[in-house]
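Written below as structure tokens is the structure these notes are about.
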Amino acid sequence: IYFRSSCSWRVRIALALKGIAYDQVPVNLVKDGGQQFSAEFKAVNPMQQVPALKIDGITITQSLAIIQYLEDTCPNPRLLPQDPKKRAQVRMISDHIASGIQPLQNLSILNKIGEKKMEWAQQCITSGFQALEQILQHTAGRYCVGDEVSMADLCLVPQVGNAERYGVNLGPYPTITRINKALLELEAFKVSHPSRQPDTPAELRS
């Protein structure tokens, strides 16, 4: 896990919501050229990405796969609605963020972009948020899909965190902003925040 990784952040929220205790092993994605590239971590995850969760005798990578395993094995509180239409909407929004926005602006891509990485990140997030705002206007209640916290919300908050970090203007996205604010008031989202992790640098702690 890395404090600033949005994919790790999603999993931390899920673990907190479900009340599952866990030990964190920090993997600094910047220090020493990226600790995820070490032989030790490659043995854990051949893709050399965080997070990776060792649980019940197996290792699971990819944040949405981890969250869905936790949902299958510890179903309360529910993160995927029972209603098939709402469940599809939750998965749609989760994939929109986890496949359609975040990978385009993650650290490995930005390192290849070079000098224009801020501009690139802003463009990718803005494009994705324009579509997401429209989607949420049809699906949202208090949260992304109705009034219950779901996997979609676990993806939304870290992506808004990325948007803020890269200086994206959130003014055009009132639904995204409103939902994010409501979620950040919940205890599971507070304790999972990057500013409150064991590997958070002192200057970024809150």
Side-chain angles (χ1 to χ4, degrees), residues 1-14 16 28-30 34 36 49-51 62-64 67 89-146 149-186 188-197 199-201 203-206:
I1 270 180
Y2 180 54
F3 79 101
R4 202 174 237 169
S5 157
S6 56
C7 300
S8 298
W9 189 352
R10 296 170 197 154
V11 172
R12 288 197 302 264
I13 300 167
N28 193 307
L29 304 187
V30 178
Q36 71 274 28
Q49 297 171 337
V50 294
Q62 299 299 329
S63 62
L64 299 192
I67 292 166
Q89 289 174 331
V90 166
R91 286 179 166 146
M92 173 182 71
I93 293 165
S94 301
D95 283 340
H96 179 96
I97 295 168
S99 300
I101 304 176
Q102 190 274 332
L104 301 175
Q105 50 89 112
N106 73 4
L107 190 61
S108 62
I109 297 296
L110 295 182
N111 285 340
K112 295 186 188 313
I113 297 292
E115 291 179 5
K116 294 191 175 181
K117 62 184 178 183
M118 283 290 284
E119 184 182 327
W120 172 265
Q122 288 171 356
Q123 180 182 331
C124 293
I125 296 170
T126 297
S127 175
F129 273 16
Q130 285 171 350
L132 182 59
E133 178 70 19
Q134 290 182 43
I135 292 167
L136 291 174
Q137 286 171 6
H138 296 285
T139 64
R142 181 164 175 78
Y143 305 121
C144 284
V145 178
V149 174
S150 72
M151 182 169 68
D153 299 297
L154 277 57
C155 295
L156 181 80
V157 167
Q159 191 56 55
V160 174
N162 285 347
E164 291 172 337
R165 194 164 131 225
Y166 293 122
V168 173
N169 174 20
L170 295 175
Y173 317 115
T175 313
I176 291 173
T177 303
R178 174 183 62 75
I179 296 169
N180 183 67
K181 184 179 178 183
L183 289 164
L184 287 175
E185 292 172 1
L186 303 177
F189 286 78
K190 290 179 181 177
V191 300
S192 308
H193 196 276
S195 64
R196 297 177 62 176
Q197 301 313 304
D199 58 328
T200 307
E203 66 273 14
L204 295 176
R205 288 190 170 276
S206 66

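In this text the structure is predicted, and so the values were computed from the model without any measurement.
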Is it the case that over 12 heavy atoms from other parts of the model lie below 6.0 angstrom from the CD atom of Q134? no

Tell me, yes or no, whether the heavy-atom count around Q137 atom CD, taken from other residues, nucleotides or ligands under 6.0 Å, exceeds 12.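 Enclosed: over 12 neighbouring heavy atoms sit under 6.0 Å from CD of Q137.
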
Report the C-alpha separation of S99 and L64 in whole Å, then their side-chain angles, then the decisive distance to 0.1 Å, and conclude whether the side chain to side chain contact (heavy atoms under 4.5 Å, CB included) test is met. CA-CA 10 Å; S99 300; L64 299 192; 6.0 Å; no

Exercise: identify the closest heavy-atom pair between [X] and [Y]:
X    : Y    : value
P158 : C155 : CD-O, 3.5 Å
M151 : R91  : CE-CG, 4.2 Å
A131 : H96  : CB-CE1, 3.6 Å
R10  : S63  : NH1-OG, 2.8 Å
E133 : P172 : CG-O, 4.2 Å
L136 : C144 : CD2-O, 3.7 Å

Of N162, L156, V160, which is the lone residue that meets side chain to side chain contact (heavy atoms under 4.5 Å, CB included) with I97?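 Among the candidates, only L156 passes.
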
I would like to know whether W120 and I109 meet side chain to side chain contact (heavy atoms under 4.5 Å, CB included); could you show each step before the answer? CA-CA 10 Å; W120 172 265; I109 297 296; 3.7 Å; yes

[X] side, atom [atom1]; [Y] side, atom [atom2] - distance, nearest 0.5 Å:
X    : Y    : atom1 : atom2 : result
I125 : Q130 : CD1   : CD    : 12.5 Å
Y166 : L110 : OH    : CG    : 4.5 Å
L184 : N180 : CG    : CG    : 4.5 Å
E119 : C124 : CD    : SG    : 10.5 Å
R142 : L183 : CZ    : CG    : 8.0 Å
K117 : K112 : NZ    : NZ    : 12.5 Å

Does Q123 offer a backbone N or O that forms a donor-acceptor pair with the side chain of S127 under 3.5 Å?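 Looks like no, no N/O pair under 3.5 Å.
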
Could you go through the side chain to side chain contact (heavy atoms under 4.5 Å, CB included) check for L186 and Y143 one step at a time? CA-CA 12 Å; L186 303 177; Y143 305 121; 3.8 Å; yes

L154/F189 under side chain to side chain contact (heavy atoms under 4.5 Å, CB included): CA gap, chis, key distance, verdict: CA-CA 9 Å; L154 277 57; F189 286 78; 4.2 Å; yes

Are F129 and L170 close enough that some pair of their side-chain heavy atoms sits under 4.5 Å apart?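 Counting from C-beta outward, F129 and L170 do come under 4.5 Å.
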
